[in-house]
Amino acid sequence: MCVGLSAKVLTVDKDTMIVDAGGAKRKVSAALLNDLRPGDFVMVHAGAAISKITDDDSDESENVWESFK
């Protein structure tokens, strides 16, 4: 099973960005996506942002994770 984490984009610099994933800040690749801006939400897998998602998608993803605790 592959797991992706939702994250909020904090900064973008060429093909990398800093994201906040549940309070943890990580540097990830932005090479697969275009037009990312701080405040956007992305799905991150294996150190790369794989898709842009909505704020609602991010909330739903976090709620699913919380149900496993």
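Ile18 and Phe41 end up in different hydrophobic clusters when Ile, Leu, Val, Met, Phe, Trp and Tyr side chains are linked at under 4.5 Å. One hydrophobic cluster, built from ILVMFWY side chains closer than 4.5 Å, cannot hold both Val28 and Leu10; they sit in different ones.
In terms of heavy atoms, Leu36 sits closest to Val12 at O-CG2, 3.7 Å. Between Ala49 and Met17, the shortest heavy-atom distance links the atoms CB-CE, 3.0 Å. A pairwise comparison of heavy atoms in Ala31 and Ser29 identifies N-OG, 3.2 Å as the closest pair.
In this structure, the side chain of Asp13 does not engage the main chain of Thr16 through any donor-acceptor pair within 3.5 Å.
Going from atom OG1 of Thr11 over to atom CG of Asp20 covers 11.0 Å, rounded to the nearest 0.5 Å.
Residues Asp40 and Lys52 form a side-chain contact, since some pair of their non-hydrogen atoms from C-beta on lies under 4.5 Å apart.
When each of Leu33, Leu5, Ile53 is tested with Val42 by the rule side-chain contact (heavy atoms from CB on, under 4.5 Å), just one qualifies, namely Leu33.
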